[in-house]
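Data block below; observations after.
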Amino acid sequence: MRLDKYLKVSRLIKRRTVANEACDAGRIFVNDKVAKASYDVKVGDVIEIVFGDRRTRVEVLRVEETVKKEAAVEMYKTI
């Protein structure tokens, strides 16, 4: 699954266009490397999101195309 879609489905970022713009701006890192929106997310990847002075690091536990809002937090683990 593409990185921008994963961020939206897991509800780490609310909209896919915002996730895409964050990737283009270099604010999203996967395994400590700047990632493009087209990066293929795999289980075990560590994603870091930088918005202003806020940093969020998560480890990918599951990759699913659709998920209910309540189950979205089970797709990742905060580090």
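In the hydrophobic cluster analysis, where Ile, Leu, Val, Met, Phe, Trp and Tyr join through side-chain heavy atoms closer than 4.5 angstrom, Ile47 is grouped together with Val18. The same ILVMFWY cluster, assembled from side-chain heavy atoms under 4.5 Å apart, contains both Phe51 and Val58. Hydrophobic clustering places Val60 together with Ile49 (ILVMFWY residues linked when any side-chain heavy atoms are closer than 4.5 Å, directly or through intermediates).
Taking the side chain as every heavy atom from C-beta outward, Tyr39 and Asn31 approach each other to under 4.5 Å. Within the 4.5 Å cutoff, side-chain heavy atoms of Arg2 are placed close to those of Ser38. Counting heavy atoms from C-beta on, the side chains of Leu7 and Ile28 come closer than 4.5 Å. For the pair Lys36 and Leu3, the minimum side-chain heavy-atom distance is 4.5 Å or more.
Note that the CE atom of Met1 and the CG atom of Asp40 stand 9.5 Å from one another [nearest 0.5 Å]. Between the CD atom in Glu21 and the CG atom in Asp4 there is a gap of 11.0 Å [rounded to 0.5 Å].
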Check: residues 63-79 side-chain donor-acceptor pairs under 3.5 Å, at least two apart:
residue: Glu64; atom: OE2; partner: Arg62; partner atom: NE; Å: 2.8
residue: Glu64; atom: OE2; partner: Arg62; partner atom: NH2; Å: 3.0
residue: Glu65; atom: OE1; partner: Lys5; partner atom: NZ; Å: 2.7
residue: Glu74; atom: OE1; partner: Arg62; partner atom: NH1; Å: 3.4

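Looking at residues two or more places apart in sequence or on another chain, you find a side-chain contact (heavy atoms from CB on, under 4.5 Å) between Val50 and Phe29, Glu48, Arg55.
For Arg15, the CZ atom counts as loosely surrounded, since its 6.0 Å shell holds 12 or fewer non-hydrogen atoms of other residues, nucleotides or ligands.
In plain terms, the two heavy atoms of Asn20 and Ala37 that are nearest each other are OD1-CB, 3.6 Å.
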